[in-house]
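Below: the structure, in structure tokens.
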Amino acid sequence: RLLAFPVALIFGSNPFILRLTSILFLWLTLGFVFLTVRRIGGTTAGALAAIALSLCPVILKPSMFFFTEYSLYLSIAAALYFLLRDWNREPQQQRTTTWIGLGIALGLGSLAKVTFATIAGPMMLTAVILSGLKLIRTPSLRHSLYASGLGIAILLPWWVLNWKPSWGF
């Protein structure tokens with residue numbers, strides 16, 4: 001819900017505005033899914049993936065009732081997009097905005113729900129291992145570490161202040 005706080009501060013904590021915010025984040029999620037799948041399989045595959053995801057009731061319900069999952073879905077879709085954006089390109093073609101976007105997605109995903117680590121951890125570990133074994137050229141190990149460091153820098157202040165209440169100590 002951290003992602004909706006700026007909207008609530010500007011427009012007020014109105015249920016309509018908060019539900020509209022979660023619907024907007026659903027549309028952003030669908031956009032990231034389209035872009036990710038388009039990168040892998042083409043425009044038609046990207047459109048079909050976005051349509052299939054938009055028709056899934058498990059995706060629609062949290063967006064309608066302002067659950068915390070909408071920010072989790074957005075973070076997962078954004079992380080996958082930025083991870084695959086420069087996948088296996090020449091290192092000179094790797095963009096700085098890619099690791100910055102990936103780091104922001106990792107940080108916000110970790111703030112959205114703790115379970116994000118069960119998705120992002122294996123995803124990043126796979127990229128690091130493949131890059132370390134030289135099976136893929138990009139994302140480079142250096143950019144993966146930069147993205148992870150940025151994600152940790154984003155999530156660390158909240159966890160330092162709130163780790164006891166969140167774990168029930």
Side-chain angles (χ1 to χ4, degrees), residues 2-4 7 19-152 154-155:
L2 177 69
L3 300 176
V7 175
R19 286 187 181 134
L20 193 61
T21 302
S22 63
I23 296 290
L24 170 71
F25 285 6
L26 171 66
W27 281 98
L28 289 172
T29 301
L30 294 174
F32 277 120
V33 167
F34 169 75
L35 292 172
T36 302
V37 177
R38 184 183 72 175
R39 169 77 174 94
I40 298 169
T43 305
T44 304
L48 286 174
I51 290 169
L53 186 65
S54 70
L55 296 175
C56 183
V58 174
I59 299 295
L60 290 176
K61 186 176 179 183
S63 294
M64 290 170 39
F65 296 112
F66 197 65
F67 290 164
T68 57
E69 276 76 13
Y70 73 90
S71 55
L72 177 70
Y73 298 153
L74 177 60
S75 299
I76 292 169
L80 283 172
Y81 168 71
F82 285 113
L83 184 67
L84 297 174
R85 183 177 176 198
D86 290 335
W87 189 263
N88 206 20
R89 291 187 178 178
E90 293 298 323
Q92 298 83 9
Q93 294 177 333
Q94 192 170 9
R95 297 169 268 203
T96 304
T97 55
T98 299
W99 71 260
I100 292 172
L102 180 59
I104 291 170
L106 292 174
L108 293 178
S110 299
L111 289 173
K113 275 189 124 171
V114 178
T115 56
F116 180 75
T118 63
I119 298 165
M123 180 179 68
M124 289 302 295
L125 186 63
T126 301
V128 166
I129 289 171
L130 291 175
S131 180
L133 294 174
K134 305 288 187 219
L135 295 174
I136 58 171
R137 293 183 293 266
T138 56
S140 66
L141 182 61
R142 179 173 51 100
H143 280 202
S144 297
L145 292 175
Y146 286 169
S148 300
L150 179 60
I152 290 170
I154 290 172
L155 72 93

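The analysis underlying the following values was restricted to heavy atoms, covering all of them including side chains, and did not include hydrogens, waters or symmetry mates.
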Side-chain heavy atoms of [X] within contact of [Y], under 4.5 Å:
X: Leu83; Y: Met124; value: yes
X: Tyr70; Y: Ile23; value: no
X: Leu35; Y: Arg38; value: yes
X: Ile136; Y: Trp87; value: yes
X: Trp99; Y: Ser144; value: no
X: Arg89; Y: Arg137; value: no

Next on the checklist: Could you go through Asp86 and Thr138, starting from their C-alpha distance and side-chain angles, then the distance that decides it, and tell me whether this counts as side chain to side chain donor-acceptor pair (under 3.5 Å)?
Outcome noted: CA-CA 6 Å; Asp86 290 335; Thr138 56; over 6 Å; no
Rounded to the nearest 0.5 Å, how far does [atom2] of [Y] lie from [atom1] of [X]?
X: Phe25; Y: Tyr73; atom1: CZ; atom2: OH; result: 15.0 Å
X: Leu20; Y: Leu26; atom1: CG; atom2: CG; result: 11.5 Å
X: Lys113; Y: Ser71; atom1: NZ; atom2: OG; result: 8.5 Å
X: Leu106; Y: Ile154; atom1: CG; atom2: CD1; result: 8.5 Å
X: Leu74; Y: Leu28; atom1: CG; atom2: CG; result: 5.5 Å
X: Leu130; Y: Leu135; atom1: CG; atom2: CG; result: 5.5 Å

I need the minimum non-hydrogen distance between [X] and [Y], along with the two atoms involved.
X: Leu30; Y: Ala50; value: CD2-O, 3.4 Å
X: Phe116; Y: Ala105; value: CZ-O, 3.9 Å
X: Ala77; Y: Thr36; value: O-OG1, 4.0 Å
X: Pro139; Y: Gln94; value: CA-NE2, 3.3 Å

Checklist entry - Between the side chains of Thr97 and Arg85, does any donor sit under 3.5 Å from an acceptor? => result yes
Next on the checklist: For Ala127, is there any backbone N or O sitting under 3.5 Å from a side-chain donor or acceptor partner on Ser131?
Outcome noted: no
